[in-house]
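Atom set for the values below is all heavy atoms of this structure, side chains included, hydrogens, waters and symmetry mates excluded. In this chain, residues are counted from 1 in sequence order. Quantities reported herein were computed from a predicted structural model and do not represent experimental measurements.
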Amino acid sequence: MGFSRRQRGRKQVWKAGDMTLAQVQYAEQQMVQQWHDLVMAEQAGQPLETLEQMYDRYILLVEEFNDRMEEYQHQKQNRHRGKTSGSASRPNNITGPVLPHQSKKQDTKLAS
């Protein structure tokens with residue numbers, strides 16, 4: 001893959017190389033899976049501490065997805081500018097950060 005990873009605190013930072021659409025999609029897949037796992041753990045009655053740890057991991061994955069999406073869009077925009085050199089740029093098909101769709105009321109319930 002065309003990127004390297006380093007740790008900064010607990011957050012992963014992706015540097016160098018081109019961000020591919022597949023990398024953005026993989027980050028989104030991880031984020032959605034973590035949300036699903038969190039919901040299932042809550043429904044299974046896992047302890048609050050476990051749910052909080054899972055939620056923290058979910059937030060880190062959301063941040064990672066947002067970072068990758070931003071980098072991907074930036075690179076795509078730069079490539080497009082290089083090809084058109086001065087003409088108006090068209091909008092990207094990818095719209096930006098996305099949070100998983102919450103289709104059921106029980107998905108939004110966390111232990112209180």
Check your understanding: Nearest 0.5 Å, what's the OH-CD distance between Y58 and Q30?
Key -> 13.0 Å
Check your understanding: Excluding sequence neighbours, so at least two apart, what forms side chain to side chain donor-acceptor pair (under 3.5 Å) with Q29?
Key -> none
Review point. CG of L21 to CD of Q25: how many Å apart, nearest 0.5 Å?
Key: 4.0 Å
Check your understanding: Rounded to the nearest 0.5 Å, what separation is found between the CG atom of L60 and the CE atom of M31?
Key -> 13.0 Å
Review point. In Å and rounded to the nearest 0.5 Å, what is the CE to CG distance from M40 to L38?
Key: 11.0 Å
Practice item. Kindly give the heavy-atom pair with the smallest separation between R57 and Q34, and that separation in Å. Key: CG-CD, 3.7 Å
Point to revise | Residue pair Q46 / L51: nearest heavy atoms and the distance that separates them | key: O-CD1, 3.8 Å
Check your understanding: Are N66 and E70 close enough that a side-chain donor and a side-chain acceptor fall under 3.5 Å?
Key -> no
Review point. Say you draw a straight line from CE of M54 to CD of E52; how long is it, rounded to the nearest 0.5 Å?
Key: 12.5 Å
Point to revise | Spatial distance of atom NZ (K76) from atom CZ (R81) [nearest 0.5 Å] | key: 13.5 Å
Exercise for review: State, to 0.1 Å, how close Y72 and V24 come at their nearest heavy-atom pair, and which atoms those are.
Suggested key: CB-CG2, 3.6 Å
**Study point:** Flag side-chain contact, heavy atom, 4.5 Å: R68 against Y26
**Key:** yes
